[in-house]
Amino acid sequence: MNANRIIDMIVRQVMRRIVKSGVDKGFEWASRATDARAHSNQDQASNASRNGPHNLKRQKQVMRQTQRLSRNARRFMKF
């Protein structure tokens, strides 16, 4: 085995670890974002039910708009 192959193996291992940690961080970030969004939607729904039917209608409209925006944003976030 020559030095070039050894260096290539080491570089591949280091790059594999860097890419793996980057992907893991990305998934953690995405899961935190979706968890936060789910909690905010639940909070909004509970607040709407307490404030009456007029506010509930407005909350539904805002929720639909948010869902539409998130669907459009997902299209641009493909890997």
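One-based numbering along the sequence shown. This one's a predicted model, so the numbers in the text were calculated from it and none came from an experiment.
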Under 3.5 Å, sequence neighbours excluded: what are the donor-acceptor pairs made by side chains of residues 7-20?
none

ask   = side-chain contact (heavy atoms from CB on, under 4.5 Å) between Ile6 and Asn2: does it pass, once the steps are laid out?
value = CA-CA 7 Å; Ile6 294 172; Asn2 59 12; over 6 Å; no
remark   = The side chain to side chain contact (heavy atoms under 4.5 Å, CB included) partners of Gln61 (sequence neighbours excluded) come to Lys57, Arg58
